[in-house]
J.: 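Let me give you the structure first, and then I'll get to my questions.
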Amino acid sequence: MTLNEVLDRALMRAGLTETNADHRNQARIYANATLQDIASRATWWFMFKEGSLSTTASTRSYALAADVGNLISFRDTSNDRSLRIVNNDEPDGADPDQSETGDPALIYIIGADSSTGAPKIDIYPTPDTNSDTIKYRYYKTFPELVASNDSDNLLTAHGIPLLLQHALYLGTASGILLEYGDDTSAGLNNQEMERYVFQAREQNGRMSGNRDFRLQRRDVNARFDFVVQEGSLR
């Protein structure tokens, strides 16, 4: 299903003319609101992604993908090791003047890129090698869909499963109807949307296969690792 089809179905359910440009713009606003609402309902399997960056010697800061919602892990595939995500006080305390160089060991967030708004990280110590590949796993956010996205296939372009595509046009119709004061029809569409979201969440919970989950011990995340500082070994 394309976004155009979602808008068509939502407008038909709301009793509005699908070809009217103002109505389509109105429906797209509600489609975006519904999409963000659905995205917040669960940790959806289709919203996990992987990105990568290539190091430049003597360069400490790097911008990540613009759709990063929250980071999960980093790994240095060139040197076959994982990198820890830490608070900035750890590398600042170890290297206040940020002069140390070497193979990457720690990652920390420093803010947003000024031109793209994407999350920006520092690598500690500052890489001393060009073209090392750093891969990172993250949970994405959905960008706002605009008119140029109307022909996008929601599954192949954005990873949205069919169940949630149905939920999307129902939620969009509900928002439009609510705006026009038809609370009863809005409520019926919202109920149908919730039914599809519930089924999608049930399906989402089965994506880990037949694994059994149990409560973890309090010390399960205890770490006994450290970073060797420059000049500390003689």
Side-chain angles (χ1 to χ4, degrees), residues 32-33 35-146 148-149 152 157-160 204 216 218-234:
N32 277 303
L35 186 57
Q36 296 300 326
D37 176 33
I38 291 172
S40 70
R41 302 288 192 92
T43 304
W44 300 104
W45 65 266
F46 59 90
M47 292 181 67
F48 288 95
K49 290 186 69 175
E50 182 177 76
S52 66
L53 59 90
S54 184
T55 62
T56 301
S58 302
T59 299
R60 189 183 188 94
S61 302
Y62 299 85
L64 304 180
D67 64 346
V68 170
N70 57 272
L71 294 168
I72 298 171
S73 64
F74 282 80
R75 63 192 193 279
D76 178 354
T77 58
S78 296
N79 296 296
D80 192 25
R81 60 182 180 178
S82 60
L83 308 177
R84 283 199 297 131
I85 304 173
V86 301
N87 292 325
N88 56 18
D89 57 350
E90 186 168 337
D92 284 352
D95 181 25
D97 65 358
Q98 301 184 350
S99 63
E100 293 188 21
T101 62
D103 290 334
L106 306 177
I107 303 290
Y108 59 101
I109 300 291
I110 61 169
D113 184 81
S114 59
S115 58
T116 66
K120 199 169 182 180
I121 61 161
D122 268 10
I123 297 176
Y124 172 81
T126 302
D128 60 0
T129 305
N130 286 316
S131 302
D132 278 354
T133 299
I134 308 295
K135 292 190 175 182
Y136 55 97
R137 300 188 190 279
Y138 66 96
Y139 192 73
K140 74 175 184 178
T141 59
F142 275 114
E144 184 178 23
L145 300 177
V146 296
S148 60
N149 298 118
D152 288 357
H158 302 286
I160 302 173
N204 188 69
Q216 295 180 330
R218 294 178 61 187
D219 60 349
V220 71
N221 292 318
R223 290 180 177 272
F224 299 95
D225 51 6
F226 64 95
V227 176
V228 177
Q229 289 185 245
E230 182 178 321
S232 63
L233 299 179
R234 300 299 183 189

J.: On a heavy-atom basis, which atom in Asp76 and which in Pro104 lie closest, and how many Å separate them?
T.: OD2-CD, 3.8 Å
J.: Please lay out, stage by stage, how Tyr136 and Val68 fare under the test side-chain contact (heavy atoms from CB on, under 4.5 Å).
T.: CA-CA 10 Å; Tyr136 55 97; Val68 170; 4.2 Å; yes
J.: So which heavy atom on Ser78 is nearest to which on Ser131, and how close?
T.: OG-O, 4.2 Å
J.: How long is the span from the CD1 atom in Ile121 to the CD1 atom in Ile110, to the nearest 0.5 Å?
T.: 8.5 Å
J.: State, to 0.1 Å, how close Ser61 and Lys120 come at their nearest heavy-atom pair, and which atoms those are.
T.: CB-CE, 3.8 Å
J.: Please check this pair: side chain of Asn204 against backbone of Trp45, looking for a donor-acceptor N/O pair closer than 3.5 Å.
T.: yes
J.: For Thr59 and Pro127, work out which heavy atoms get closest and say how close.
T.: O-CD, 3.2 Å
J.: Report the C-alpha distance between Met47 and Thr141 in whole Å, list the side-chain angles of each, state the deciding distance to 0.1 Å, and finish with yes or no for side-chain contact (heavy atoms from CB on, under 4.5 Å).
T.: CA-CA 7 Å; Met47 292 181 67; Thr141 59; 5.7 Å; no
J.: Say you draw a straight line from CG of Asp132 to CG of Asp103; how long is it, rounded to the nearest 0.5 Å?
T.: 6.5 Å
J.: Within this structure, what is the CG-CG distance for the pair Asp152 and Leu145, rounded to the nearest 0.5 Å?
T.: 7.0 Å
J.: Say you draw a straight line from CH2 of Trp44 to NZ of Lys140; how long is it, rounded to the nearest 0.5 Å?
T.: 13.0 Å
J.: Between Asn32 and Phe142, is the side-chain contact (heavy atoms from CB on, under 4.5 Å) condition met? List the steps.
T.: CA-CA 9 Å; Asn32 277 303; Phe142 275 114; over 6 Å; no
J.: I need the minimum non-hydrogen distance between Ala105 and Pro125, along with the two atoms involved.
T.: N-CD, 4.0 Å
J.: The test is side-chain contact (heavy atoms from CB on, under 4.5 Å); show your working for Arg137 and Phe48 and say whether it passes.
T.: CA-CA 7 Å; Arg137 300 188 190 279; Phe48 288 95; over 6 Å; no
J.: Would you say the side chains of Tyr139 and Asn70 form a donor-acceptor pair under 3.5 Å?
T.: no
J.: Does Asp80 CG have over 12 foreign heavy atoms under 6.0 Å away?
T.: no
J.: Between CZ of Arg75 and CD1 of Ile107, what distance do you get to the nearest 0.5 Å?
T.: 12.5 Å
J.: Once you round to the nearest 0.5 Å, how far does CG of Leu106 lie from CG of Asp122?
T.: 11.0 Å
J.: Of all heavy-atom pairs between Asp95 and Arg60, which one has the smallest distance, and what is that distance?
T.: OD2-NH1, 4.3 Å
J.: We want to know whether Tyr108 and Asp89 form a side-chain donor-acceptor pair, criterion being a heavy-atom distance below 3.5 angstrom.
T.: no
J.: Give a yes or no on whether the backbone of Thr56 and the side-chain of Tyr62 come within a donor-acceptor separation of less than 3.5 Å.
T.: yes
J.: For residues Leu64 and Leu71, determine if any side-chain heavy atom of one lies less than 4.5 Å from a side-chain heavy atom of the other.
T.: yes
J.: Judged by atom type as modelled, is there a donor-acceptor pair below 3.5 Å linking the side chain of Thr77 to the main-chain atoms of Thr133?
T.: yes
